Structures are given as C-alpha cells and as structure tokens.
Amino acid sequence: MWKVVIVDDERWIRRGLIQSIPWDQFGLELVGEAGDGQEAYTIALEQKPDLLFLDMRMPGLDGKELIAMLNRDMPELLTVVVSGYSDFEYTKEAIRHKAFDYLLKPVKKEELAALLEKATSELAKRENEKRQSSLDHREDWLQRILFQADAEGGRPDDQEHSQLPKEWTTGESFVLVGQPDIYRECSEQAKLLQPLREQLNRTRPFLFGGRWNYVVTTAPDGSRELVMIITGARLQQEEIVKLNLSLQTVLKQADHHGYSFGISEKRTNLQHLREAYLEAKLTLKNKSLSAAGTILFTGHDSVSSTDLYPQEKENAFLLSLHLGNKEAAGQEFEQLFTAFSKDTMTVDHMQRSAILLIHSIEKQLRATDTRLQEVCGKNPLMYTEIIQHRNDAASVKSIFDNEILPHVLTYYSRSGEKQGEKVVREVQKLIESHYDQPLSLHQIATSHYMNTDYLSRLFKKTTGHNFVDYLMDIRINKSKELMKLSKYKNYEIAQMVGYEDYRYFSQIFKKKTGMTIGDYRILAEIN
C-alpha cells in the first residue's frame, strides 16, 4: 500500500477528496490530513508518505514554501497541487518547483482517476527500480566474491567476508549451484533471472517460516550455471526440496528444460562462501546421467561411479581411427562411448572419460608429428573446458560426432593416400603402438587406398622384412622385456603381446630366439 497525506485548510474540501479517491483500487492508504503547511510538514516527516495532495493557498506556511521544504527533506515524495482557476499562475510556479502534477477545483472524478493512475504507475516504476537496484547490488557482491576470485588468484576469507552486506553475515545459509540437465547452444541464462526472482518472491511467505532472503546470479564463464544463496533464521532441507519443485516449473517454462542443483552443507555464516560454492558445484557432478530436475545435498548424495574406464574398447577404437576406417571407427566409438555414458554413470565419470579419450587421440596424433589443434582447430584443454560445461551424454557425444572424429578421420585418410617410405613409417608406428591387436596387412592397405601386394613389396623393400616377420619380431622383443619382470606369467605375456594361443606363442618364441621361454627367463634372471 502507498501512503497518502491530504493538506487543505478547508475541512470539507479534504473530506470530499478523501471520499472521491478509490483507495483499494489503487492500493492507497490515508495516513494523515492537515489544515496548514506546518502541520502537513510534521505529519510528512513522521509518516513518510508516497503521495501528498496540497492546497496552494493556506495560512502561515503556504503550498509553495511547503513544497520547497519537502523537496529538500523528502525528494522521493510525489506532490499533487490542488487549486482553483484563479490560482493557476501560482500553480504553474509550484510545478516548476517540482510538484508532480495538479488538479483544478472542483475536482472531477475522471480527472482524479487519471491522475491517480499516473501517480501509482510512477510509484510502481520507482519501486521496481529500487528493487532491481537492490538485486543488482546483491548480485554484484556475489559475483565479486565467487568469480573475481578466480581472476585474482583467490581471495582470503577475511577479505571475502568484508564484502558481504551486514544482513548476510548472520543466520543459516545454503549455497545452491544449478546447471541445465540438457545442454542448449543458444540458452541465455540472464533471461532466467527475472522469472526466478518473481517465483522466489511469490514463495517467500510459504517457506522457512517466511523469514529468509535470497540472491541469485549467473556464472560469467558461459557455463549456463545458476548460483543462489538463501539465508534465514532456520533453514530445513525439506523446505529446499519444496523450493526446488517451485523453481523447476519456472525453469522449464523459460528454458524448456529442467535444472539440477547441488546444495552445500549448511553454513552458520558465509565467511567461506566461495568454499561452499565449490562444494555445491562438486556435489552436482555426482548426479546420475538419468536424473533430471533433481537436487543433491553434500554429504548425503555424494557418490562416485566405481566403473573402470573401458581401456580395451579405447584401444580398438584408436586402431580403427588410425587406419582411417570410417565405418569401423564409428562402430568402435559407439561401443566405447556407450560404455562410459550409461544412465547409471555420474556426470563426473562421463566427463572424465570423454576428456581422457580426447587426450588419447592427441597422444596418437603426436606419434605422426601432428596435434589435435592442427587437425580440429581446438587443443585438448579447450575441449576439456567445453565438456565440463555439459552434463548430458548427447551433447558431449556431439563434440566427437560433429568435430573430432570427422576431422581426425579425414587427416588419417589423406595421409593414407601418400605413397613411399612415409606410408611404411606410419605402418611401422602402427605396429609398434598396436602390436597387441590383431593387425592385417590387407586392412592397412585398404585404409591407405593401396593394393595389398604393392604395400607388401614396399614394406619389404624399405625395412628389409616382410610384414608378418616384422610384426612377429616386435611382439617377441616386447615379450622379452616383459619376461624380465617376474610378476607376469608366461601365458599373460603371450596375451599382452597379441597371442591368445600360448602354445603357438611358445613355438614362435623358440623359432625366433633359439630358446624355450623357460630357458630364456632363467638366463634373464642370471644376467
């Protein structure tokens, strides 16, 4: 309700104006009336009205003098001058002294209604500006503490605490970090703030006993992250669950998808605000890929995936990638990605696995004296940052499907078209990197757009060995290195160098070395 004071030296005029104003319709409340300027000034200082109706001609302190005093002491007050036609010149002078508007006596109801609509619109506008200014101020200090600390290399707790508004230094607090369940390229987080604030204001009376406050902002790093702090006398986790349900409706309407929130431990003060923010953010990483619109409390829902990284599937994928076989690489990638992005996996496990795969691709490219950035335009660190901003498997997979795999396959395919020693050197590197995999000269030749017999002759001419013997020599040499380590059994070594049949391996070993495996291991121990 906006407060109103009416000032006129004639009581019957005051009564008539009071009766003409539709108070409830415009959300107005009469808090005082006065018969002279001095009395009006005293009432105004006490009641601090939003709107004041003022007669210009009064005994003692007249309207012009009163306006000047009120402008000095209450610059936000809207003053409406009420005067007769004979005082119109006097009225115009009052308006020049910052009166809001005027009414001529006798006051007509339609003119009064139009003026009240104009005045209340102005009051509502000012109130919104003040509210927005307050929200902006809160968002400013939150941004400084949470995100400018990164740019400045962190900030001591006492310095962080000194930036908090006084009303945020007491009571209980939770920090909530929200991220979209489904990544959207064109999502504009700033547009979410206003509907979120409106919903928070609507629910304020119904949660935490109505005694709580909040501030909400967005991360400035393009992560589409929402950060919210709530503080109050007594905050219960059950009430946060209700708060989440109310926010999900707004978020889905505004962004077409839900958000999940990580919740920090309850704090009795916000001295370690940034620590609480990082805690909530880390907790959110433990969300399962199948969950949506959920909340995770630190210490209660913090779990980690126990599944191991599918290394064998990665090896098979990297081999097909190196061979430039688009169809095989696509199939192997589907199996590999599915293995570490099942619904039961956590966001953290999926992100870590995808980042590990990118670094493995980079390592393989470096073996051919090139880099991922040269092939795809982005280095592994850039891809790491992109992946860490995506919480759903589909958007992470799209990075590989649309960027990495097409460019890397094109690179390997083009290099496969080259002839001569460079091709042979690549085959040698392939054998040395993947000797434990089933390698076929025909498969390699096809991937390089070459005839198998031609590649065989080229390989023999360049290396002095045929393909099978060269592969066999590499495997036997690797097995010798492993035999120097007593922790491996003979059949394990056979498998590690690409031979599933141990008896066949032992025959090949004796043929190549002139010794049995047992004799060689004894000799290796002596030496």
Side-chain angles (χ1 to χ4, degrees), residues 1 27 123-143 146-147 165 167-168 171-184 186-220 223-264 266-267 270 273 276-277 280-281 283-284 287 291-298 301 391:
M1 301 287 283
L123 290 170
K125 176 184 174 183
R126 292 183 180 183
E127 188 174 274
N128 287 335
E129 288 175 350
K130 288 181 180 178
R131 184 184 299 113
Q132 187 61 48
S133 177
S134 174
L135 291 171
D136 290 344
H137 172 68
R138 282 191 272 168
E139 186 174 336
D140 284 346
W141 63 254
L142 183 58
Q143 288 267 341
L146 294 186
F147 304 118
E167 63 270 23
W168 288 80
E172 299 178 344
S173 301
F174 283 103
V175 176
L176 294 76
V177 174
Q179 295 175 353
D181 295 311
I182 304 297
Y183 178 86
R184 293 176 62 235
C186 300
S187 180
E188 296 184 48
Q189 301 307 96
K191 292 184 178 180
L192 294 177
L193 293 180
Q194 187 59 32
L196 275 177
R197 288 165 178 160
E198 291 174 357
Q199 181 69 0
L200 287 163
N201 290 334
R202 284 193 292 268
T203 58
R204 191 194 298 271
F206 308 104
L207 295 173
F208 311 111
R211 299 171 58 197
W212 61 290
N213 204 352
Y214 75 89
V215 57
V216 59
T217 189
T218 58
S223 63
R224 292 162 176 76
E225 182 177 277
L226 294 170
V227 183
M228 186 186 310
I229 304 174
I230 58 175
T231 186
R234 295 189 63 186
L235 302 180
Q236 302 297 326
Q237 289 188 354
E238 295 80 4
E239 297 283 272
I240 292 182
V241 174
K242 296 178 182 178
L243 175 64
N244 175 60
L245 292 175
S246 73
L247 295 181
Q248 291 301 327
T249 302
V250 175
L251 290 166
K252 288 178 181 178
Q253 289 175 347
D255 204 38
H256 306 296
H257 291 289
Y259 276 58
S260 290
F261 288 88
I263 318 293
S264 72
K266 185 189 295 184
R267 297 295 203 275
L270 286 177
L273 176 58
Y277 160 71
K281 189 170 183 175
T283 296
L284 185 56
K287 180 183 79 75
T294 188
I295 54 176
L296 290 87
F297 290 94
T298 299
D301 306 289
N391 292 346

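Source: prediction; values computed, not measured.
With respect to Tyr259, the side chain to side chain contact (heavy atoms under 4.5 Å, CB included) criterion is satisfied by exactly one of Leu192, Asn391, Val177: Leu192.
Residues passing the side chain to side chain contact (heavy atoms under 4.5 Å, CB included) test with Arg202, sequence neighbours excluded: Glu198, Gln199. Ala291 pairs by the side chain to side chain contact (heavy atoms under 4.5 Å, CB included) definition with Lys287, Ser288, Thr294, not counting sequence neighbours. Here Thr203 pairs with nothing under the side chain to side chain donor-acceptor pair (under 3.5 Å) rule; sequence neighbours left out. Partners of Gln236 by side chain to side chain donor-acceptor pair (under 3.5 Å), not counting sequence neighbours: none found.
Asn201 and Tyr214 share a side-chain donor-acceptor pair at under 3.5 Å. Side-chain contact of Thr231 with Asn213: a donor-acceptor pair under 3.5 Å is absent, judged by distance alone.
Residues Ile240 and Phe261 form no side-chain contact, since every pair of their non-hydrogen atoms from C-beta on lies 4.5 Å or further apart. Side chains of Leu176 and Ile295 form no contact here, defined as non-hydrogen atoms less than 4.5 Å apart. No side-chain heavy atom of Ile263 sits less than 4.5 Å from a side-chain heavy atom of Gln237. A heavy-atom distance below 4.5 Å is found between the side chains of Ser260 and Leu284. Contact of the Leu196 side chain with the Leu251 side chain is registered, since non-hydrogen atoms from C-beta on lie closer than 4.5 Å.
Within the structure, the salt bridge (charged side-chain N to carboxylate O under 4.0 Å, His left out) test picks out the following pairs touching residues 227-240 (sequence neighbours left out): Glu239-Lys242.
No donor-acceptor distance shorter than 3.5 angstrom exists from the side chain of Gln248 to the backbone of Gly258, with no hydrogens or angles considered.
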